[in-house]
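Each ligand, and each atom within it, is numbered from 1 in the order the structure gives.
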Amino acid sequence: MKTNSYAAQSATTPLAPFAIQRRDPGPHDVQIDILYCGVCHTDVHIARNEWQGTIYPCVPGHEIIGRVTKAGAHVTKFEEGDTVGVGCMVDSCRTCENCKADLEQFCEAGATFTYNAPDKHLGGMTYGGYSGSVVVDEAFVLQIPKALDPAAAAPLLCAGITTYSPLRHYNVAKGQKVGVVGLGGLGHMGMKLAKSFGAHVVAFTHSQGKVADALRLGADEVVYSKNDTEMKKHLNSFHFILDTVSAQHDINAYLVMLKREGTLTQVGVPAEPLAVQVGSLIFGRRNFSGSLIGGIKETQEMLDFCGRNNITADIEIVPIQRINEAYDRIVKNDVKYRFVIDMASLKAAS
Ligand code: NAP
Ligand code: ZN
Ligand code: ZN
């Protein structure tokens, strides 16, 4: 089946209309009409080949919300008409140690990511959610709680799980002081989630214009990170810090804010390596770690948690025709706090 999409044809060309093929749904597959797709900074990094390794044409998008239009004969979890989600992965080997531990993102054979990964069915590369429809094995499709606005729920599928997973892994809870660095798509979700787990949340932003917003979004304190005096007040005081920054920055300024044996988890992926001063780690036996999205089981757990607690992203809806402008605004830090594409605009254009 053919469907429309928006694709990058090279690192330097703007995204533009492109017809792609989707497979016919097999017995375990669900065919989904895409309603909304969130715009992650990863889409920008990959469309522009900032991490190397992009294969063109590239159709980004891994925060997909849609409606089931067909369910294969052996599909048990979904039926036609259901509102569903697809996040960063569409398959994995399902037999390795990590898949069996519900950590498909670390599949030893390599998870099949939603875009820019080898497509096992059609050959070539997988194409993401900036498109009219997608066909996915039901094992990688998520139920979206009815209580949530579908457009504002789209970012949960990447920004939500990427922040939920490390906060849970490091047992963030009431009575702890937790920092979130960078108030973008991931950061604003990290703040909301850490707050809902009961932590005392301190937001760090290098954008003065976001200070008031951070308080509105639930931060207990906000630090403007260019102010050294404000930064120094927090030395040796955090149990946990989540760093979501997408660009080069001084990681040591945050490592030294951890208490003894505290952990800083990096989820933002600057293109260039971060320089760690060993002294920031050895004094206080501090930990510096990383985290990648989350497994399918945990993603469903996060969605259900957000459904019960009415947690979604703060979004700005854009038509697909404005995707290149949205990318430029993301890079300029001019997004509050996630763009979501209304995919009806794709049909309107065709
Ligand atoms: P985003 O919306 O652009 O947010 C990034 C934030 O980083 C900005 O809002 C800004 O916050 C801060 N920042 C940007 N440039 C900075 C600079 N030069 N110095 C200091 N702070 C800066 O991006 P996102 O979608 O949240 O994604 C963030 C990063 O996470 C990206 O690198 C993305 O690829 C990565 N990511 C990782 C995973 C994973 O599984 N680990 C999953 C999804 C995304 P302030 O304006 O508040 O300072
Ligand atoms: Zn993402
Ligand atoms: Zn595996």
Student: Can you list the atoms of ligand 1 that are under 4.0 Å from a heavy atom of Trp51?
Tutor: 34 (O)
Student: For ligand 1, which atoms, with element, lie under 4.0 Å from some heavy atom of His45?
Tutor: 31 (C), 32 (O), 33 (C), 34 (O)
Student: Atom 4 (O) of ligand 1: which protein heavy atom is closest, and how many Å away?
Tutor: Gly184 CA, 3.3 Å
Student: In ligand 1, which numbered atoms sit nearer than 4.0 Å to a non-hydrogen atom of Ile330?
Tutor: 3 (O)
Student: Go through ligand 1 atom by atom and flag the ones less than 4.0 Å from a non-hydrogen atom of Thr162.
Tutor: 38 (C), 39 (C), 40 (O), 41 (N), 42 (C)
Student: How does Leu292 reach ligand 1, by side chain, by backbone, by both or by neither, if only non-hydrogen atoms under 4.0 Å count?
Tutor: both
Student: Do any heavy atoms of Cys158 fall under 4.0 Å from ligand 1?
Tutor: yes
Student: What's the shortest distance from atom 30 (O) of ligand 1 to any protein heavy atom, and which residue and atom give it?
Tutor: Gly268 CA, 3.3 Å
Student: Work out which heavy atom in Phe113 is nearest to a heavy atom in Val90; give both atom names and the distance.
Tutor: O-CG2, 4.0 Å
Student: Where do Leu156 and Thr312 come nearest, in terms of heavy atoms and distance?
Tutor: CD2-CA, 4.4 Å
Student: Do His206 side-chain atoms and Gly182 backbone N/O form a donor-acceptor pair below 3.5 Å?
Tutor: no
Student: Which residue holds the protein heavy atom closest to atom 26 (O) of ligand 1, what is that atom called, and what is the gap in Å?
Tutor: Leu186 N, 2.8 Å
Student: So if I count the atoms of ligand 1 from 1 in the order they appear, which ones are less than 4.0 Å from some heavy atom of Lys210?
Tutor: 9 (O), 11 (O), 45 (P), 46 (O), 47 (O)
Student: Below 4.0 Å from ligand 1: does a non-hydrogen atom of Arg338 turn up there or not?
Tutor: yes
Student: Quick check on the Zn ion (ligand 2): does Cys158 put an N/O/S atom closer than 2.8 Å to it?
Tutor: yes
Student: Verify whether the ring centers belonging to Tyr6 and Tyr127 lie closer than 6.0 Å.
Tutor: no
Student: Of the choices Pro166, Ser207, Gly182, Ala247, which has the non-hydrogen atom that lies closest to atom 15 (N) of ligand 1?
Tutor: Ala247
Student: Would you say His188 and Lys336 are linked by a side-chain donor-acceptor pair, where the criterion is simply a distance under 3.5 Å?
Tutor: no
Student: Please check: side-chain N/O of Gln176 versus main-chain N/O of Ala173, any donor-acceptor pairing under 3.5 Å?
Tutor: yes
Student: Has the side chain of Asp33 got a donor or acceptor atom that lies under 3.5 Å from a matching backbone atom of Ser133?
Tutor: no
Student: Between Cys88 and the Zn ion (ligand 2), is there a contact where an N/O/S atom of the residue lies under 2.8 Å from the metal?
Tutor: no
Student: To the nearest 0.5 Å, tell me how far Asn310 CG sits from Ser196 OG.
Tutor: 11.5 Å
Student: Under 3.5 Å, N or O to N or O, is Gly187 touching ligand 1 that way?
Tutor: no
Student: Hey, looking at atom 5 (C) of ligand 1, which of Gly87, Gly190, Pro270, Ser246 has the closest heavy atom?
Tutor: Ser246
Student: What atoms in ligand 1 come closer than 4.0 Å to a heavy atom of Ile293?
Tutor: 39 (C), 40 (O)
Student: Step through the shown structure and confirm whether more than 12 heavy atoms of other residues, nucleotides or ligands are within 6.0 Å of CG on Asn227.
Tutor: yes
Student: Within this structure, what is the CG-NZ distance for the pair Leu148 and Lys146, rounded to the nearest 0.5 Å?
Tutor: 11.5 Å
Student: Go through ligand 1 atom by atom and flag the ones less than 4.0 Å from a non-hydrogen atom of Val245.
Tutor: 7 (O), 13 (N), 16 (C), 20 (C), 21 (N), 22 (C)
Student: Starting from atom 10 (C) of ligand 1, what is the nearest protein heavy atom, named by residue and atom, and what distance separates them?
Tutor: Asn333 OD1, 3.2 Å
Student: Hey, what's the angle at the Zn ion (ligand 3) spanning SG (Cys99) and SG (Cys107), nearest 10 degrees?
Tutor: 100°
Student: Within 45° of the ring axis of Phe283 and under 6.0 Å from its six-membered ring centre, is that where the NZ or CZ of Arg260 lies?
Tutor: no
Student: Are the side chains of Phe204 and Met231 in contact, using a 4.5 Å heavy-atom criterion?
Tutor: yes
Student: Evaluate the side chain to side chain donor-acceptor pair (under 3.5 Å) criterion for residues Lys177 and His234: first the C-alpha distance (whole Å), next the side-chain angles of each, then the deciding distance (0.1 Å), finally the verdict.
Tutor: CA-CA 10 Å; Lys177 184 175 169 187; His234 294 274; 3.0 Å; yes
Student: How are the rings of Tyr115 and His62 set relative to one another: parallel (under 30°), tilted (30 to 60°) or perpendicular (over 60°)?
Tutor: tilted
Student: Hey, looking at atom 36 (N) of ligand 1, which of Val335, Thr42, Ile46 has the closest heavy atom?
Tutor: Thr42
Student: What protein heavy atom lies closest to atom 27 (O) of ligand 1? Include the residue and the distance to one decimal.
Tutor: His41 CB, 3.5 Å
Student: Quick one: look at Phe339 and ligand 1, take heavy-atom pairs under 4.0 Å, and tell me if it's side chain, backbone, both or neither.
Tutor: neither
Student: Thr205 heavy atoms, cut-off 4.0 Å: which ligand 1 atoms fall inside?
Tutor: 45 (P), 46 (O), 47 (O), 48 (O)
Student: Backbone or side chain, does any N or O of Gly185 fall under 3.5 Å from an N or O of ligand 1?
Tutor: yes
Student: Is the centre of the Phe305 ring less than 6.0 Å from the centre of the Phe197 ring?
Tutor: yes
